[in-house]
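Residue numbers run from 1 in the order of the sequence given. Predicted model only: the values in this text are computed from it and were never measured.
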Amino acid sequence: MLDFCKVGGYPVYVLCLLLITYLLNQLDRYILAIVILPLAQEIHFGDKSCLSNRTTRPGPELCNNASSDSQCVSLLNSNGTPYCKWDYNGNGWEYQIMAGPIFILIYTFMGIFIGFLADAANRKNLLAISLLFWSLMTFLMGFVWEYWHLVMLRFGQGIGEAGCTPFAASLIADYFPESARGSAMGFYNWGIYTGYSLAFVVGNYITRANIMGMGWRWAFLICGFPGFVLSLLVFVSVREPPRTQKATEGGQSGNYTSSLSLCHRLTPTLRPFLSPSLLLLCLAGSVRNAGGYVWAYNAQNYFNFYFPSEDVGRWLSWIPLVGGSAGVLFGGFISDRVVKKRGLTARIWVLVISQVRIPNDHLKVVCKAPESADQSFTASEVCII
(Lines give C-alpha, C1' and ligand atoms only; values in the text may rest on other atoms or scores of the structure.)
Protein backbone atom coordinates (compact mmCIF):
# COMPACT_ATOMS: atom_id res chain seq x y z
CA MET A 1 0.00 0.00 0.00
CA LEU A 2 2.89 2.35 0.75
CA ASP A 3 4.36 1.67 -2.71
CA PHE A 4 0.95 2.54 -4.16
CA CYS A 5 0.95 5.91 -2.38
CA LYS A 6 4.52 6.76 -3.46
CA VAL A 7 3.91 6.71 -7.21
CA GLY A 8 2.74 10.34 -7.34
CA GLY A 9 -0.44 12.26 -8.00
CA TYR A 10 -0.75 11.90 -11.77
CA PRO A 11 -0.70 8.07 -11.91
CA VAL A 12 -3.36 8.03 -9.18
CA TYR A 13 -5.41 10.52 -11.24
CA VAL A 14 -5.14 8.23 -14.28
CA LEU A 15 -6.11 5.26 -12.12
CA CYS A 16 -9.23 7.14 -10.94
CA LEU A 17 -10.23 7.79 -14.56
CA LEU A 18 -9.71 4.12 -15.35
CA LEU A 19 -11.81 3.18 -12.33
CA ILE A 20 -14.69 5.39 -13.53
CA THR A 21 -14.31 3.95 -17.03
CA TYR A 22 -14.60 0.43 -15.65
CA LEU A 23 -17.56 1.52 -13.51
CA LEU A 24 -19.39 2.69 -16.65
CA ASN A 25 -18.35 -0.52 -18.41
CA GLN A 26 -20.10 -2.61 -15.76
CA LEU A 27 -23.06 -0.23 -15.37
CA ASP A 28 -23.79 -0.26 -19.11
CA ARG A 29 -23.31 -4.03 -19.26
CA TYR A 30 -25.78 -4.91 -16.51
CA ILE A 31 -28.44 -2.20 -16.83
CA LEU A 32 -30.21 -4.41 -19.39
CA ALA A 33 -30.67 -7.12 -16.75
CA ILE A 34 -32.25 -4.70 -14.28
CA VAL A 35 -34.85 -3.17 -16.61
CA ILE A 36 -35.60 -6.35 -18.55
CA LEU A 37 -39.10 -6.83 -17.08
CA PRO A 38 -40.67 -3.51 -18.18
CA LEU A 39 -38.58 -3.59 -21.36
CA ALA A 40 -39.88 -7.04 -22.37
CA GLN A 41 -43.44 -6.04 -21.58
CA GLU A 42 -43.20 -2.98 -23.83
CA ILE A 43 -41.18 -4.54 -26.67
CA HIS A 44 -43.05 -7.88 -26.39
CA PHE A 45 -40.48 -10.68 -26.36
CA GLY A 46 -39.58 -13.66 -24.18
CA ASP A 47 -41.63 -15.95 -21.96
CA LYS A 48 -44.90 -15.18 -20.24
CA SER A 49 -45.89 -16.13 -16.72
CA CYS A 50 -48.19 -15.11 -13.89
CA LEU A 51 -46.90 -11.90 -12.33
CA SER A 52 -48.00 -9.73 -9.45
CA ASN A 53 -50.20 -6.78 -10.37
CA ARG A 54 -48.81 -4.00 -8.19
CA THR A 55 -51.86 -1.79 -8.74
CA THR A 56 -54.05 -4.08 -6.61
CA ARG A 57 -53.90 -5.46 -3.07
CA PRO A 58 -51.82 -8.69 -2.89
CA GLY A 59 -53.41 -12.03 -2.07
CA PRO A 60 -52.47 -15.09 0.01
CA GLU A 61 -50.60 -17.04 -2.70
CA LEU A 62 -47.61 -16.22 -4.86
CA CYS A 63 -48.65 -15.41 -8.40
CA ASN A 64 -45.97 -17.68 -9.82
CA ASN A 65 -47.84 -20.72 -8.47
CA ALA A 66 -50.22 -20.35 -11.43
CA SER A 67 -49.04 -22.09 -14.59
CA SER A 68 -51.64 -20.82 -17.08
CA ASP A 69 -53.47 -17.65 -18.01
CA SER A 70 -56.77 -18.90 -16.63
CA GLN A 71 -55.25 -19.97 -13.30
CA CYS A 72 -53.46 -16.64 -13.04
CA VAL A 73 -56.54 -14.43 -13.34
CA SER A 74 -58.53 -16.72 -11.01
CA LEU A 75 -56.32 -15.83 -8.03
CA LEU A 76 -58.29 -13.32 -5.93
CA ASN A 77 -57.42 -11.13 -2.97
CA SER A 78 -59.62 -10.41 0.06
CA ASN A 79 -61.63 -7.91 -2.00
CA GLY A 80 -62.44 -10.56 -4.59
CA THR A 81 -60.21 -8.80 -7.16
CA PRO A 82 -57.56 -10.56 -9.31
CA TYR A 83 -54.15 -9.53 -8.06
CA CYS A 84 -52.10 -11.28 -10.74
CA LYS A 85 -51.65 -10.75 -14.47
CA TRP A 86 -50.40 -12.97 -17.30
CA ASP A 87 -47.60 -11.02 -18.98
CA TYR A 88 -44.04 -11.10 -20.29
CA ASN A 89 -41.69 -11.87 -17.41
CA GLY A 90 -38.37 -10.73 -18.90
CA ASN A 91 -37.04 -14.27 -19.18
CA GLY A 92 -36.82 -16.91 -21.90
CA TRP A 93 -34.29 -17.82 -24.55
CA GLU A 94 -34.53 -14.44 -26.31
CA TYR A 95 -33.31 -12.67 -23.18
CA GLN A 96 -30.70 -15.28 -22.26
CA ILE A 97 -29.23 -15.28 -25.78
CA MET A 98 -29.08 -11.48 -25.81
CA ALA A 99 -27.62 -11.19 -22.30
CA GLY A 100 -25.14 -14.03 -22.77
CA PRO A 101 -23.86 -15.40 -26.10
CA ILE A 102 -24.56 -12.35 -28.28
CA PHE A 103 -22.51 -10.22 -25.89
CA ILE A 104 -19.97 -12.70 -24.52
CA LEU A 105 -18.85 -14.30 -27.80
CA ILE A 106 -17.96 -11.05 -29.53
CA TYR A 107 -16.58 -9.68 -26.25
CA THR A 108 -14.26 -12.68 -25.89
CA PHE A 109 -12.92 -12.83 -29.44
CA MET A 110 -12.58 -9.05 -29.75
CA GLY A 111 -10.70 -9.14 -26.44
CA ILE A 112 -8.00 -11.33 -28.02
CA PHE A 113 -7.59 -8.97 -30.98
CA ILE A 114 -7.71 -5.86 -28.79
CA GLY A 115 -5.20 -7.37 -26.37
CA PHE A 116 -2.80 -7.66 -29.31
CA LEU A 117 -3.42 -4.00 -30.18
CA ALA A 118 -2.68 -3.03 -26.58
CA ASP A 119 0.88 -4.27 -27.10
CA ALA A 120 1.47 -2.20 -30.23
CA ALA A 121 -0.84 0.85 -30.43
CA ASN A 122 -1.68 4.02 -28.50
CA ARG A 123 -3.67 2.57 -25.65
CA LYS A 124 -5.27 5.68 -24.19
CA ASN A 125 -6.68 6.72 -27.59
CA LEU A 126 -8.09 3.25 -28.22
CA LEU A 127 -9.54 3.18 -24.69
CA ALA A 128 -11.28 6.52 -25.33
CA ILE A 129 -12.68 5.23 -28.65
CA SER A 130 -13.92 2.00 -27.03
CA LEU A 131 -15.60 3.94 -24.21
CA LEU A 132 -17.28 6.31 -26.67
CA PHE A 133 -18.52 3.41 -28.82
CA TRP A 134 -20.06 1.28 -26.07
CA SER A 135 -21.60 4.36 -24.44
CA LEU A 136 -23.25 5.21 -27.75
CA MET A 137 -24.64 1.67 -28.01
CA THR A 138 -26.05 1.93 -24.48
CA PHE A 139 -27.54 5.36 -25.14
CA LEU A 140 -29.26 4.15 -28.32
CA MET A 141 -30.87 1.27 -26.39
CA GLY A 142 -33.15 3.91 -24.91
CA PHE A 143 -34.78 4.35 -28.33
CA VAL A 144 -35.42 0.73 -29.38
CA TRP A 145 -38.84 -0.52 -30.48
CA GLU A 146 -38.00 -4.02 -31.72
CA TYR A 147 -36.17 -7.00 -30.28
CA TRP A 148 -33.65 -7.07 -33.12
CA HIS A 149 -32.73 -3.45 -32.34
CA LEU A 150 -31.62 -4.61 -28.90
CA VAL A 151 -29.71 -7.55 -30.34
CA MET A 152 -27.70 -5.37 -32.72
CA LEU A 153 -26.93 -2.76 -30.06
CA ARG A 154 -25.98 -5.46 -27.53
CA PHE A 155 -23.60 -6.90 -30.11
CA GLY A 156 -22.03 -3.47 -30.59
CA GLN A 157 -21.84 -3.02 -26.84
CA GLY A 158 -19.76 -6.20 -26.61
CA ILE A 159 -17.35 -4.92 -29.27
CA GLY A 160 -16.80 -1.66 -27.43
CA GLU A 161 -16.56 -3.05 -23.91
CA ALA A 162 -13.95 -5.60 -24.97
CA GLY A 163 -11.45 -2.73 -25.18
CA CYS A 164 -11.75 -1.59 -21.57
CA THR A 165 -9.67 -3.93 -19.42
CA PRO A 166 -6.90 -4.84 -21.94
CA PHE A 167 -6.02 -1.17 -22.46
CA ALA A 168 -6.60 -0.18 -18.82
CA ALA A 169 -4.54 -3.06 -17.40
CA SER A 170 -1.70 -2.30 -19.79
CA LEU A 171 -1.70 1.36 -18.75
CA ILE A 172 -1.74 0.41 -15.06
CA ALA A 173 1.24 -1.89 -15.60
CA ASP A 174 3.24 1.03 -17.02
CA TYR A 175 2.11 3.65 -14.50
CA PHE A 176 2.69 1.55 -11.36
CA PRO A 177 5.72 -0.45 -10.20
CA GLU A 178 5.38 -4.20 -9.83
CA SER A 179 5.19 -3.94 -6.03
CA ALA A 180 2.05 -1.74 -6.28
CA ARG A 181 0.22 -3.31 -9.22
CA GLY A 182 -1.86 -5.66 -7.10
CA SER A 183 -3.23 -2.74 -5.07
CA ALA A 184 -3.72 -0.66 -8.21
CA MET A 185 -5.63 -3.46 -9.92
CA GLY A 186 -7.68 -3.99 -6.76
CA PHE A 187 -8.61 -0.29 -6.80
CA TYR A 188 -9.43 -0.52 -10.52
CA ASN A 189 -11.64 -3.55 -9.89
CA TRP A 190 -13.83 -1.47 -7.59
CA GLY A 191 -15.47 -0.53 -10.86
CA ILE A 192 -17.03 -4.00 -11.13
CA TYR A 193 -19.02 -3.80 -7.92
CA THR A 194 -19.68 -0.05 -8.02
CA GLY A 195 -21.05 -0.29 -11.55
CA TYR A 196 -23.10 -3.39 -10.78
CA SER A 197 -24.59 -1.79 -7.66
CA LEU A 198 -25.37 1.44 -9.52
CA ALA A 199 -27.21 -0.61 -12.15
CA PHE A 200 -29.73 -1.60 -9.47
CA VAL A 201 -30.11 2.04 -8.39
CA VAL A 202 -30.61 3.42 -11.90
CA GLY A 203 -32.57 0.44 -13.22
CA ASN A 204 -35.05 0.30 -10.36
CA TYR A 205 -35.51 3.89 -9.24
CA ILE A 206 -35.19 5.74 -12.56
CA THR A 207 -37.60 3.29 -14.17
CA ARG A 208 -40.01 3.72 -11.27
CA ALA A 209 -39.76 7.53 -11.54
CA ASN A 210 -41.11 7.20 -15.10
CA ILE A 211 -39.58 10.51 -16.23
CA MET A 212 -41.64 12.03 -19.07
CA GLY A 213 -43.49 8.72 -19.31
CA MET A 214 -40.37 7.00 -20.71
CA GLY A 215 -39.77 4.62 -17.79
CA TRP A 216 -36.91 2.21 -18.47
CA ARG A 217 -35.69 4.19 -21.49
CA TRP A 218 -34.25 6.89 -19.23
CA ALA A 219 -32.12 4.24 -17.49
CA PHE A 220 -30.22 3.60 -20.74
CA LEU A 221 -29.93 7.32 -21.52
CA ILE A 222 -28.55 8.12 -18.06
CA CYS A 223 -26.08 5.21 -18.19
CA GLY A 224 -24.82 6.04 -21.69
CA PHE A 225 -24.35 9.80 -21.52
CA PRO A 226 -21.46 10.01 -18.96
CA GLY A 227 -19.32 7.92 -21.30
CA PHE A 228 -19.35 10.70 -23.90
CA VAL A 229 -17.83 13.15 -21.42
CA LEU A 230 -15.37 10.68 -19.89
CA SER A 231 -14.06 9.51 -23.28
CA LEU A 232 -13.15 13.11 -24.13
CA LEU A 233 -11.45 13.52 -20.74
CA VAL A 234 -9.41 10.34 -21.24
CA PHE A 235 -8.40 11.43 -24.74
CA VAL A 236 -7.33 14.91 -23.64
CA SER A 237 -5.83 14.42 -20.17
CA VAL A 238 -4.27 10.94 -20.11
CA ARG A 239 -0.72 10.65 -21.40
CA GLU A 240 0.50 7.49 -23.11
CA PRO A 241 3.27 6.26 -20.74
CA PRO A 242 6.55 4.70 -21.87
CA ARG A 243 6.25 0.93 -22.01
CA THR A 244 8.10 -0.87 -19.25
CA GLN A 245 8.78 -3.93 -21.39
CA LYS A 246 12.50 -4.23 -21.96
CA ALA A 247 14.01 -4.35 -25.39
CA THR A 248 14.69 -7.80 -26.71
CA GLU A 249 18.14 -9.28 -26.34
CA GLY A 250 20.71 -8.34 -28.93
CA GLY A 251 19.57 -4.72 -29.15
CA GLN A 252 16.84 -5.34 -31.70
CA SER A 253 15.44 -1.99 -32.72
CA GLY A 254 11.83 -0.93 -32.99
CA ASN A 255 12.25 -0.79 -36.78
CA TYR A 256 13.18 -4.45 -36.83
CA THR A 257 10.20 -5.34 -34.65
CA SER A 258 7.80 -3.38 -36.81
CA SER A 259 9.13 -5.10 -39.94
CA LEU A 260 8.16 -8.53 -38.66
CA SER A 261 5.17 -10.19 -40.29
CA LEU A 262 1.88 -10.40 -38.41
CA CYS A 263 2.39 -14.15 -37.99
CA HIS A 264 5.81 -13.69 -36.39
CA ARG A 265 4.44 -11.03 -34.04
CA LEU A 266 1.45 -13.14 -33.02
CA THR A 267 3.46 -16.31 -32.37
CA PRO A 268 5.13 -15.17 -29.10
CA THR A 269 1.81 -13.70 -27.98
CA LEU A 270 -0.13 -16.93 -28.49
CA ARG A 271 2.61 -19.37 -27.37
CA PRO A 272 1.88 -18.94 -23.61
CA PHE A 273 -1.67 -20.19 -24.19
CA LEU A 274 -0.20 -23.65 -24.87
CA SER A 275 1.04 -23.77 -21.28
CA PRO A 276 -1.00 -26.25 -19.18
CA SER A 277 -0.93 -23.91 -16.17
CA LEU A 278 -2.35 -21.01 -18.20
CA LEU A 279 -4.99 -23.27 -19.78
CA LEU A 280 -6.07 -24.40 -16.30
CA LEU A 281 -6.18 -20.78 -15.14
CA CYS A 282 -8.36 -19.88 -18.14
CA LEU A 283 -10.65 -22.83 -17.37
CA ALA A 284 -10.93 -21.80 -13.72
CA GLY A 285 -11.68 -18.22 -14.73
CA SER A 286 -14.33 -19.45 -17.17
CA VAL A 287 -16.10 -21.49 -14.50
CA ARG A 288 -15.96 -18.65 -11.99
CA ASN A 289 -17.20 -16.07 -14.50
CA ALA A 290 -19.95 -18.38 -15.75
CA GLY A 291 -21.38 -18.56 -12.24
CA GLY A 292 -20.98 -14.83 -11.78
CA TYR A 293 -22.70 -13.97 -15.05
CA VAL A 294 -25.60 -16.34 -14.44
CA TRP A 295 -26.27 -14.69 -11.09
CA ALA A 296 -25.69 -11.12 -12.29
CA TYR A 297 -28.00 -11.39 -15.30
CA ASN A 298 -30.78 -13.20 -13.44
CA ALA A 299 -30.74 -11.68 -9.94
CA GLN A 300 -33.35 -9.02 -10.78
CA ASN A 301 -35.55 -11.61 -12.50
CA TYR A 302 -35.22 -13.90 -9.49
CA PHE A 303 -36.49 -11.22 -7.11
CA ASN A 304 -39.16 -10.04 -9.55
CA PHE A 305 -40.49 -13.60 -9.69
CA TYR A 306 -40.20 -14.81 -6.07
CA PHE A 307 -40.25 -11.52 -4.13
CA PRO A 308 -42.32 -9.14 -6.30
CA SER A 309 -43.27 -6.87 -3.41
CA GLU A 310 -39.67 -6.31 -2.24
CA ASP A 311 -37.56 -3.28 -3.17
CA VAL A 312 -34.53 -5.05 -4.65
CA GLY A 313 -32.64 -1.80 -5.17
CA ARG A 314 -32.71 -1.19 -1.43
CA TRP A 315 -30.38 -4.14 -0.89
CA LEU A 316 -28.41 -4.74 -4.06
CA SER A 317 -27.52 -1.06 -4.42
CA TRP A 318 -24.98 -1.39 -1.60
CA ILE A 319 -24.28 -5.04 -0.69
CA PRO A 320 -22.20 -5.86 -3.83
CA LEU A 321 -20.51 -2.46 -3.51
CA VAL A 322 -19.40 -2.92 0.10
CA GLY A 323 -18.58 -6.63 -0.03
CA GLY A 324 -17.02 -6.68 -3.48
CA SER A 325 -14.98 -3.49 -3.11
CA ALA A 326 -13.59 -4.60 0.25
CA GLY A 327 -12.75 -7.99 -1.25
CA VAL A 328 -10.82 -6.72 -4.28
CA LEU A 329 -8.92 -4.06 -2.33
CA PHE A 330 -8.03 -6.43 0.50
CA GLY A 331 -7.18 -9.16 -2.04
CA GLY A 332 -4.86 -6.83 -3.94
CA PHE A 333 -3.14 -5.77 -0.72
CA ILE A 334 -2.72 -9.38 0.46
CA SER A 335 -1.52 -10.41 -3.01
CA ASP A 336 1.22 -7.76 -3.00
CA ARG A 337 2.37 -8.81 0.48
CA VAL A 338 2.37 -12.53 -0.35
CA VAL A 339 4.28 -11.98 -3.60
CA LYS A 340 7.02 -10.12 -1.73
CA LYS A 341 7.52 -13.09 0.58
CA ARG A 342 6.69 -16.08 -1.64
CA GLY A 343 7.17 -14.95 -5.23
CA LEU A 344 4.77 -14.36 -8.13
CA THR A 345 3.32 -17.89 -8.07
CA ALA A 346 1.87 -17.17 -4.62
CA ARG A 347 -0.89 -15.11 -6.29
CA ILE A 348 -2.46 -18.42 -7.35
CA TRP A 349 -3.03 -19.37 -3.70
CA VAL A 350 -4.75 -16.05 -3.06
CA LEU A 351 -7.08 -16.83 -5.99
CA VAL A 352 -7.77 -20.37 -4.81
CA ILE A 353 -8.54 -19.44 -1.21
CA SER A 354 -10.83 -16.59 -2.27
CA GLN A 355 -13.01 -18.92 -4.35
CA VAL A 356 -13.52 -21.76 -1.86
CA ARG A 357 -16.70 -20.46 -0.23
CA ILE A 358 -18.56 -19.20 -3.33
CA PRO A 359 -20.34 -22.48 -4.33
CA ASN A 360 -21.71 -22.94 -0.81
CA ASP A 361 -23.32 -19.48 -0.77
CA HIS A 362 -24.79 -19.90 -4.26
CA LEU A 363 -26.33 -23.25 -3.33
CA LYS A 364 -28.03 -21.68 -0.31
CA VAL A 365 -29.92 -19.32 -2.62
CA VAL A 366 -31.11 -21.82 -5.22
CA CYS A 367 -31.57 -24.98 -3.11
CA LYS A 368 -35.23 -24.21 -2.39
CA ALA A 369 -37.40 -21.66 -4.12
CA PRO A 370 -40.17 -20.13 -1.99
CA GLU A 371 -43.57 -21.71 -2.51
CA SER A 372 -45.48 -19.04 -0.63
CA ALA A 373 -44.87 -15.58 0.73
CA ASP A 374 -43.72 -16.82 4.16
CA GLN A 375 -41.43 -19.71 3.12
CA SER A 376 -37.71 -20.05 2.43
CA PHE A 377 -35.40 -17.04 2.72
CA THR A 378 -36.54 -13.45 2.93
CA ALA A 379 -35.41 -11.16 0.15
CA SER A 380 -32.90 -9.41 2.43
CA GLU A 381 -31.35 -12.74 3.48
CA VAL A 382 -30.89 -13.79 -0.16
CA CYS A 383 -29.23 -10.45 -0.97
CA ILE A 384 -26.82 -10.75 1.96
CA ILE A 385 -25.92 -14.35 1.04
Side-chain angles (χ1 to χ4, degrees), residues 20-46 51 54 87-91 94-96 98-100 102-103 131-158 160-161 164 191-231 293 295-305 308 310-321 383:
I20 299 172
T21 300
Y22 202 22
L23 183 158
L24 293 179
N25 179 284
Q26 299 298 301
L27 173 62
D28 293 355
R29 181 181 307 186
Y30 291 118
I31 191 64
L32 172 69
I34 312 305
V35 302
I36 190 61
L37 178 60
L39 190 157
Q41 291 176 352
E42 184 171 337
I43 303 299
H44 297 164
F45 70 88
L51 305 175
R54 296 188 178 183
D87 204 348
Y88 293 97
N89 60 16
N91 217 323
E94 290 101 330
Y95 166 63
Q96 299 298 339
M98 179 172 56
I102 287 175
F103 178 89
L131 171 57
L132 178 64
F133 185 75
W134 91 61
S135 297
L136 177 62
M137 296 297 103
T138 304
F139 190 84
L140 291 177
M141 285 182 180
F143 300 97
V144 300
W145 288 103
E146 300 287 345
Y147 172 71
W148 69 268
H149 296 166
L150 276 173
V151 170
M152 297 301 295
L153 292 172
R154 183 70 172 169
F155 186 82
Q157 199 179 53
E161 291 200 6
C164 181
I192 298 175
Y193 305 100
T194 309
Y196 182 58
S197 296
L198 278 178
F200 282 93
V201 176
V202 176
N204 282 285
Y205 299 122
I206 295 299
T207 300
R208 197 175 304 166
N210 198 24
I211 304 171
M212 299 171 61
M214 295 173 63
W216 57 269
R217 296 180 183 274
W218 269 105
F220 286 112
L221 301 181
I222 289 173
C223 290
F225 180 76
F228 302 153
V229 179
L230 184 61
S231 63
Y293 276 126
W295 168 256
Y297 283 117
N298 292 283
Q300 182 74 35
N301 268 339
Y302 178 88
F303 289 104
N304 287 341
F305 195 71
E310 291 289 340
D311 183 2
V312 183
R314 177 187 175 190
W315 299 101
L316 291 183
S317 61
W318 65 271
I319 290 176
L321 174 61
C383 290

Visitor: Rounded to the nearest 0.5 Å, what's the gap from CH2 on W145 to NE2 on H44? Could you check?
Guide: 10.5 Å

Visitor: Would you call the rings of Y196 and Y30 parallel, tilted or perpendicular, taking 30° and 60° as the class edges?
Guide: perpendicular

Visitor: Hey, could you give me each pair passing salt bridge (Lys or Arg N to Asp or Glu O under 4.0 Å) that has a residue in residues 134-145? Not counting sequence neighbours.
Guide: none

Visitor: Pick one: which of V202, N204, V201 meets side-chain contact (heavy atoms from CB on, under 4.5 Å) with S317?
Guide: V201

Visitor: Got a second to check how far Q26's CD is from S197's OG, nearest 0.5 Å?
Guide: 11.0 Å

Visitor: Quick one: does N301's side chain have a donor or acceptor within less than 3.5 Å of a partner on G90's backbone?
Guide: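 Flag set: sc N301 to bb G90 pair under 3.5 Å.
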
Visitor: Determine yes or no for a side-chain-to-main-chain donor-acceptor pair under 3.5 angstrom, with T194 supplying the side chain and G191 the backbone.
Guide: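 Looks like no, no N/O pair under 3.5 Å.
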
Visitor: Report the C-alpha separation of F220 and L140 in whole Å, then their side-chain angles, then the decisive distance to 0.1 Å, and conclude whether the side-chain contact (heavy atoms from CB on, under 4.5 Å) test is met.
Guide: CA-CA 8 Å; F220 286 112; L140 291 177; over 6 Å; no

Visitor: Can you classify the ring geometry of Y147 versus F45 as parallel (below 30°), tilted (30 to 60°) or perpendicular (above 60°)?
Guide: tilted

Visitor: So, do V312 and Q300 sit near enough that their side-chain heavy atoms are less than 4.5 Å apart?
Guide: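 Heavy-atom side-chain distance check passes, below 4.5 Å.
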
Visitor: Starting at CG of L37, measure out to CZ of F303 and round the result to the nearest 0.5 Å.
Guide: 14.5 Å

Visitor: Any chance you could lay out the side-chain hydrogen bond (donor to acceptor under 3.5 Å, both in side chains) test for T138 and Q157, step after step, and finish with the verdict?
Guide: CA-CA 7 Å; T138 304; Q157 199 179 53; 2.8 Å; yes

Visitor: Hey, which of W216, F200, Y297 is the one that makes side-chain contact (heavy atoms from CB on, under 4.5 Å) with I34?
Guide: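 Exactly one option meets the side-chain contact (heavy atoms from CB on, under 4.5 Å) with I34, and it is F200.
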
Visitor: Working to the nearest 0.5 angstrom, can you tell me the gap between N298 CG and Y293 OH?
Guide: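 It is 13.5 Å, given to the nearest 0.5 Å.
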
Visitor: So, does R29 use its side chain to make a donor-acceptor pair with the main chain of L24 at under 3.5 Å?
Guide: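 Such a contact is absent between R29 side chain and L24 backbone.
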
Visitor: Quick one: which residue pairs count as a salt bridge (Lys or Arg N to Asp or Glu O under 4.0 Å) with a foot in residues 206-220, not counting sequence neighbours?
Guide: E42-R217, R208-D311

